Structure formats: structure tokens, C-alpha cells
Amino acid sequence: MGGARPGPPSGVRPGPRPGPPPGGSDEEVGEASHPAVDAAVQAMINAEGLPPADQIAQYEAAYQTLRETLATIDQT
């Protein structure tokens, strides 16, 4: 089978999507924010300018933080 993976053509990066960010604005969230979640989201935003291999590491770390944080919700 071919080694090509589906996705956009090489060198093509989609631009930002129009409209509000996913999840709404900080004003809509209000006091529902959580420092660990906010940090994980910011890390994913900051990863945009990194090389792809470094982006993957950032996304994996953010994913782990989110999993651990969500797992503790029922425990509080």
C-alpha cells in the first residue's frame, strides 16, 4: 500500500477559521475556567509556530494534562 497519508497537499496550511474561538470567549466561560486547562489550551496555541515534531510533543502533553484534570472532576 502507498505511503501517502490523507490530508492537505504539502506546503499548504489552512488559515485561521473565521468567527469566535471554539468554546466561546472567556466572558462566556466566566468562573468555570481551571488553571491546568487554561495552561494546556495556551500550550496548544503556542505550539502553532513550532516544527511538527515539537507540536506533537506539546499536544501530547496538553492531552495528558486534560485527561488528568478531567479525571479529578468527580473526585472533588
Side-chain angles (χ1 to χ4, degrees):
M1 299 208 176
R5 293 175 23 189
S10 297
V12 175
R13 294 186 76 186
R17 294 184 176 151
S25 70
D26 288 340
E27 294 171 5
E28 293 173 7
V29 174
E31 294 182 29
S33 66
H34 188 283
V37 172
D38 293 343
V41 170
Q42 189 60 51
M44 289 187 291
I45 292 168
N46 294 343
E48 180 181 4
L50 297 174
D54 294 334
Q55 286 180 359
I56 292 169
Q58 287 288 335
Y59 295 148
E60 288 174 345
Y63 173 73
Q64 184 63 34
T65 298
L66 293 172
R67 284 189 60 180
E68 291 169 359
T69 303
L70 291 173
T72 64
I73 288 176
D74 290 334
Q75 298 173 3
T76 59

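From a predicted model like this one, the values you see are computed outputs, not experimental measurements. All values below come from the heavy atoms of this structure, side chains included, with hydrogens, waters and symmetry mates left out.
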Open item on the list: Tell me the closest heavy-atom pair linking Ala62 and Ala40, and the distance in Å.
Closed with: CB-O, 3.7 Å

Task: Non-hydrogen atoms of Ala36 and Thr65 that approach each other most closely - done: O-CG2, 3.7 Å

Open item on the list: In this structure, would Ile45 and Tyr59 fall into the same cluster of hydrophobic residues linked by side-chain contacts under 4.5 Å?
Closed with: yes

Task: Minimum heavy-atom distance between Gln55 and Glu48, given as atom pair plus value - done: NE2-O, 3.0 Å

Open item on the list: Between Gln64 and Glu68, do the side chains contain a donor N or O and an acceptor N or O under 3.5 Å apart?
Closed with: yes

Open item on the list: Can you see whether Asn46 engages Gln42 through a side-chain donor-acceptor pair at a distance of less than 3.5 angstrom?
Closed with: yes

